[in-house]
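Worksheet for the structure shown next.
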Amino acid sequence: GDGTGVSLAFTRIPIFFTDLLSFYSEDYGKSFHDVSHTINNTFIKKDFGISAGPGNPQQVILTANLPFTESPGGVIFTSMDAGVTFRSVQLPFHPAQAIQFHYQDPKYLVVISIDDGLWLSEDFGNSWSEVHEGVHTFTWGSGITLFFSSSPKGTARRGELILRRTQDVGKNFTTIAKNIFSFGYIGGFLFTSVMEKLGSPRIIYVSSDQGDHFRKAQLPSATTEQFYSVLDGDEDMIFMHVDNPGDTYFGTIYTSDDRGILYSKSLERHLFGGEGKSDFTNVTSLRGVYLTNILEEDGRIRSVITFDRGGRWRFLKKPENVNCPETSKKCSLHIHGEHSHFSGITPMLPLSEPTAIGLVIAHGSVGDSISAARPDVYVSGDGGYTWWGTLRGPHHYSILDSGGLIVAVEAHRDRQISSIKFSTDEGQCWKVFNFTDHPIFLAGLASEPGTKTMNISIFGYRPDDDDQPMWVAVTIDFEHLLTRECGEEDYVQWLAHSDYDSDPETDGCLLGYKETFRRLKKLSACRNGRGYVVSRQQRPCPCTREDYMCEYGFYRHENTSECLLQPDFLNQTQDICLNGELEDLQNTGYRKIPGDKCEEGVRPPRREDVFKKLCGNDISPTSANSHTKRSVIDYIFIFAFACLLFLLLRISLNEQHLNTGNYSGFKDKCELFQMNLITQAL
Ligand SMILES: *[C@@H]1O[C@H](CO)[C@@H](O)[C@H](O)[C@H]1NC(C)=O
Ligand SMILES: *[C@@H]1O[C@H](CO)[C@@H](O)[C@H](O)[C@H]1NC(C)=O
Ligand SMILES: *[C@@H]1O[C@H](CO)[C@@H](O)[C@H](O)[C@H]1NC(C)=O
Ligand SMILES: *[C@@H]1O[C@H](CO)[C@@H](O)[C@H](O)[C@H]1NC(C)=O
Ligand SMILES: *[C@@H]1O[C@H](CO)[C@@H](O)[C@H](O)[C@H]1NC(C)=O
């Protein structure tokens, strides 16, 4: 929890595989004591036993693991003081999942029972009431609005579910959609995927007013086998992946307008694995930056990055200090995401934090396409424009002191470790610190959420004398190393997204404004401290064509970047005209990109007449189905490739020597000045 220093640890006794004992620490993990007695030595469920409040880390709920036969319902333990004291509550039902908190208000809890009842508590778990039956899934909307899908007759298939809403915690209900397949609520947008007839293609409807009104999203419709996935979203817009037909393992990313209904194609051939995993990553340390992987026609996986929230994607620049393999033709940096993490190739996902401006740490490889053989660690200090090869081999890593300090520990499955690496200059130089004389098998790193702390816990286990594994946590407080508080002279002004040589008026402009941050100089070995806040200045930019997207029915001409009416649009307009949505569509062919704050500059030309003409005409409905045709051979190829992909990724793990021939290693660029400083401190 933020600033509390409290860690709760639950350990598993080797002989009872599903049960956990609890330990408590209030000094950032430096010492733990057994607090199992505070919950009467009850065992806690392993799969969903522990939840902590999102708005208030002092709130903890534990779900007991008791045999079903012993009681009419489950038992939970609730704590309002980060686990110092617990009170036990006998539930009138058995929960089927972890108890869900409201994201802000600590009073409200919701859960679905094993017999599909929706149970609510308005007093942090003391009393519960069943407010609805036959419930599949639920999610909180804005305020205390609760959405849930349920089956009217109890046995409905997906596609026959109804979507209901309650805005007074279960007293009154409104049915807001029928025949839904699934629904979701992201960044203020409520989505439903609907089958208008059973077995017909699914269509997405979006509401931005908590379900009062739904509008059809302008996206290709998906069959039952295909899927949509909302990759990320906020109050401005969302990123939506639409699967390609067939088991292709790729699809297309679309970005939405501010209403969530108008979509522009952003990225084709976006990799999306069979187990519902995507490598799509929001680089949270710089506005507008996202990373992901594409599956190319030749079957290779390559990484792409966008700096303007999906407007344009490009390959990642090769790090200056790493050479390309000799055979390489299109050499760039490739980043391992969720797929590699899931397959056990990398121990960590890419890491970035909103408080550590511009900093990104990730596993990757350099070459024509991604290589699983030996992922190394790369770092970027400017939000992904330029990269630096920083550590060889897989590591666990963590950002501390708002980016002033990075720590990393080598990840080995079969070897014990005893040292931690740290860098105060965004990974240019690393120092090693031996933290123990008794090496441990690493399980992971743990630190307080956010990046303010300088305490990092390394946890793992070591066999003790009679060969029983024993859990160990070592906490290192880097305040003893970085003793100097940063002063004004340690900071510089940094213009984000700058290319340093374009027109100073437009340099750094993104979505209509530019931001200058106060950042720590790379060579400053000092501490930002707990009180550090990111300081930024915003300035508006003049509007350009890039600040507008093409309105529905228009496309961007490749050479002039003007929005032109789509030739086949006449065939598709009946939807808009019939649904009375015309008045909302701006009649210029252009629409300002959501969240864009540009001022003055280019104004799109007006074409008032276009839509009036279109809807005035009597247009007969025609099939708008125009899937790109692929030959059977293509499908077989892609399918075979996808099957091989994960196999290969795994096999290559054991064949590390294959890659070392091409591998040039990182050239060192440590600053002597700084190393001296740190050596003195040690
Ligand atoms: C533990 O058990 C005692 C005696 O049965 C009971 O009074 C107490 O409330 C229990 N405490 C918790 C946290 O369950
Ligand atoms: C990406 O992360 C940033 C920083 O946390 C957040 O403000 C933004 O809304 C996220 N973008 C999307 C599309 O979710
Ligand atoms: C740390 O340990 C390694 C090997 O165990 C040793 O080579 C190295 O000198 C030690 N470093 C320090 C600073 O003690
Ligand atoms: C590190 O932990 C100690 C307690 O062991 C605490 O006093 C200190 O404030 C922590 N440092 C930070 C930056 O969180
Ligand atoms: C765009 O410009 C290129 C090169 O000038 C030309 O070959 C191409 O045909 C143009 N595209 C269109 C759609 O006019």
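First listed ligand is number 1; within each ligand, the first listed atom is number 1.
- Between the side chains of Tyr491 and Asn528, a donor-acceptor pair is found at a separation under 3.5 Å.
- Contacts between Glu448 and ligand 4 below 4.0 angstrom, taking non-hydrogen atoms only, are absent altogether.
- Of the candidates Tyr290, Tyr228, Tyr254, Phe189, Tyr290 is the only one forming a ring-ring contact (aromatic ring centres under 6.0 Å, His included) with Phe239.
- Taking every non-hydrogen atom of Met454 and a distance limit under 4.0 Å, the qualifying atoms of ligand 4 come out as 12 (C), 13 (C).
- For Thr453, heavy-atom contacts with ligand 4 shorter than 4.0 Å involve the backbone as well as the side chain.
- The distance criterion of under 3.5 Å between nitrogen or oxygen atoms is met by Glu479 with respect to ligand 4.
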Does ligand 2 have any N/O atom under 3.5 Å from a protein N/O, and what are those pairs and their distances?
{"residue": "ligand 2", "atom": "2 (O)", "partner": "Asn282", "partner atom": "OD1", "Å": "3.2"}
{"residue": "ligand 2", "atom": "2 (O)", "partner": "Asn282", "partner atom": "ND2", "Å": "2.3"}
{"residue": "ligand 2", "atom": "9 (O)", "partner": "Asp234", "partner atom": "OD2", "Å": "2.6"}
{"residue": "ligand 2", "atom": "11 (N)", "partner": "Asn282", "partner atom": "ND2", "Å": "3.0"}
{"residue": "ligand 2", "atom": "11 (N)", "partner": "Tyr290", "partner atom": "OH", "Å": "2.9"}
{"residue": "ligand 2", "atom": "14 (O)", "partner": "Asp232", "partner atom": "OD1", "Å": "2.8"}
{"residue": "ligand 2", "atom": "14 (O)", "partner": "Asp232", "partner atom": "OD2", "Å": "3.3"}
{"residue": "ligand 2", "atom": "14 (O)", "partner": "Gly233", "partner atom": "N", "Å": "3.4"}
{"residue": "ligand 2", "atom": "14 (O)", "partner": "Gly233", "partner atom": "O", "Å": "3.2"}

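- Taking Ala82 as the reference, Val6, Gln58 meet the side-chain contact (heavy atoms from CB on, under 4.5 Å) condition, with sequence neighbours excluded.
- Under the side chain to side chain contact (heavy atoms under 4.5 Å, CB included) rule, His270 has a single partner from Val304, Ile253, Asn293, Asp243, which is Ile253.
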Residues 346-359 side chain polar contacts: donor-acceptor under 3.5 Å, at least two apart:
{"residue": "Ser352", "atom": "OG", "partner": "Thr284", "partner atom": "N", "Å": "2.9"}
{"residue": "Ser352", "atom": "OG", "partner": "Thr284", "partner atom": "OG1", "Å": "3.0"}
{"residue": "Thr355", "atom": "OG1", "partner": "Thr451", "partner atom": "OG1", "Å": "2.5"}

Could you pull out all donor-acceptor pairs under 3.5 Å where a side-chain atom in residues 139-146 meets a protein atom, sequence neighbours excluded?
{"residue": "Trp140", "atom": "NE1", "partner": "Phe101", "partner atom": "O", "Å": "3.4"}
{"residue": "Thr145", "atom": "OG1", "partner": "Ser142", "partner atom": "O", "Å": "3.1"}
{"residue": "Thr145", "atom": "OG1", "partner": "Gln167", "partner atom": "NE2", "Å": "3.4"}

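- In the vicinity of Arg530, heavy-atom distances shorter than 4.0 Å reach the ligand 4 atoms 12 (C), 13 (C), 14 (O).
- Considering Glu235, Arg259, Met237 as possible partners of Pro594, the one that fulfils the side chain to side chain contact (heavy atoms under 4.5 Å, CB included) test is Met237.
- Although no hydrogens or angles enter the test, the distance criterion places a donor-acceptor pair under 3.5 Å between the side chain of Arg269 and the main chain of Leu295.
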